[in-house]
Amino acid sequence: MFDSLSERLGGVFDRLKGRGALTEADVRTAMREVRIALLEADVALPVARSFVDSVTEKAVGQQVLRSITPGQQVVKIVNDALIEMLGPDTAELELDVTPPAVVMMVGLQGSGKTTTTAKLAKLLKKQGKKVMMASLDVNRPNAQEQLAILGTQIEGATLPIVAGQQPVDIARRALQAAKLQGFDVLMLDTAGRLHVDQQLMDEMKAVADISKPQEILLVVDSLTGQDAVNVAQSFGEQVPLTGVVLTRMDGDARGGAALSMRAVTGKPIKFAGVGEKLDAIEPFHPQRVAGRILG
Ligand code: GDP
């Protein structure tokens with residue numbers, strides 16, 4: 001993950017640190033290289049631009065250039081800016097309500113939404129919570145069965161399937177069942193689509209109205225790069241997303257979606273999917289990711 005970006009930045013930093021004194025021109029040259037490295041990692045252009053502008057502004061200050069270790073100071077400024085771009089803190093799930101807390105999972109088809117629903121359920125179960133999952137996907141054949149199978153694999157509860165029931169009615173039934181049976185968390189796996197379309201948005205809004213989720217998590221595929229960020233923006237305009245789960249980070253060599261998501265959408269990445277197995281999910285730690293990039 002982030003290998004080539006890390007390598008590129010490493011080269012720039014070595015050159016900066018290798019010199020005793022730095023001129024403003026040296027810093028500007030280095031920042032041009034940083035900008036190219038970010039763009040090659042598929043970071044959104046406005047994000048790369050404002051990143052480099054803000055770093056340059058801080059780095060060409062007299063205090064930095066006249067210090068004993070200007071190169072190291074510039075590297076620190078880049079480090080801080082990177083953490084800020086990724087989001088300053090790890091964003092937790094906010095489930096501290098009278099149970100059941102509702103977590104609504106949304107996203108395009110194939111993004112990894114159903115798998116992520118089961119992964120999160122497993123994680124929450126490990127934390128001692130009683131979790132029920134319900135699939136509201138009545139479009140994709142076998143989507144509800146797929147979630148039931150994953151439920152069995154994690155030894156978790158799923159809402160029994162009632163053939164022919166529509167998403168809003170399933171949500172209502174799931175809420176009632178979760179309340180009656182004393183579940184702490186209800187996870188609603190909503191239907192995906194191939195593209196963002198109005199029908200999908202209307203269905204999502206109706207389900208959100210009924211279930212009043214504490215968390216609406218968008219699942220997006222990190223491998224789609226800037227598209228993932230665009231999808232997040234489209235969803236965010238329609239429903240109040242509380243966070244993003246970036247899947248397939250295990251195969252993401254470039255990292256553009258991870259790097260641009262927060263800055264473009266304002267939404268925190270809460271988790272990263274890092275494999276097909278049901279425990280292959282991690283809380284997203286901006287500092288650690290920044291550390292990995294900076295080597
Ligand atoms: P959905 O249509 O959005 O519900 O997508 P699925 O949950 O059915 O996932 C589609 C495929 O992506 C499955 O084969 C999953 O195993 C796989 N997948 C999901 N998340 C990840 C991940 O983080 N890493 C990898 N490598 N594969 C994933």
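All values derive from a computational prediction rather than experimental measurement. Both counts, for ligands and for their atoms, begin at 1 and track the order of listing.
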Q: Can you list the ligand 1 atoms lying under 4.0 Å from a non-hydrogen atom of Val274?
A: 23 (O)

Q: What are the atoms of ligand 1, with element, lying closer than 4.0 Å to any heavy atom of Lys113?
A: 1 (P), 3 (O), 4 (O), 5 (O), 7 (O)

Q: Is there a heavy atom of Gly275 sitting under 4.0 angstrom from any atom of ligand 1?
A: yes

Q: May I ask you to check whether Gly112 has an N/O atom sitting below 3.5 Å from an N/O atom of ligand 1?
A: yes

Q: Which atoms from ligand 1 have a heavy atom of Ser111 less than 4.0 Å away?
A: 3 (O)

Q: Does Gly192 reach ligand 1, in the sense of a heavy atom lying below 4.0 Å from it?
A: no

Q: Using distance alone, determine whether Thr115 and ligand 1 share an N or O pair under 3.5 Å.
A: yes

Q: Give yes if a backbone or side-chain nitrogen or oxygen of Glu276 is under 3.5 Å from a nitrogen or oxygen of ligand 1, and no if not.
A: yes

Q: Tell me which protein heavy atom sits closest to atom 26 (N) of ligand 1, plus the residue, atom name and distance to 0.1 Å.
A: Asp250 OD2, 2.7 Å

Q: Decide whether Asp3 and Ser6 meet the rule of one side-chain donor and one side-chain acceptor closer than 3.5 Å.
A: no

Q: Any N or O of Thr116 that comes nearer than 3.5 Å to an N or O of ligand 1?
A: no

Q: Using a 4.0 Å cutoff against the non-hydrogen atoms of Gly273, which atoms of ligand 1 qualify?
A: 23 (O)

Q: State, without any angle test, whether Lys17 and Gln72 hold a side-chain donor-acceptor pair at a distance under 3.5 Å.
A: no

Q: Hey, is Leu108 touching ligand 1 through its side chain, its backbone, both or neither, going by heavy atoms under 4.0 Å?
A: backbone

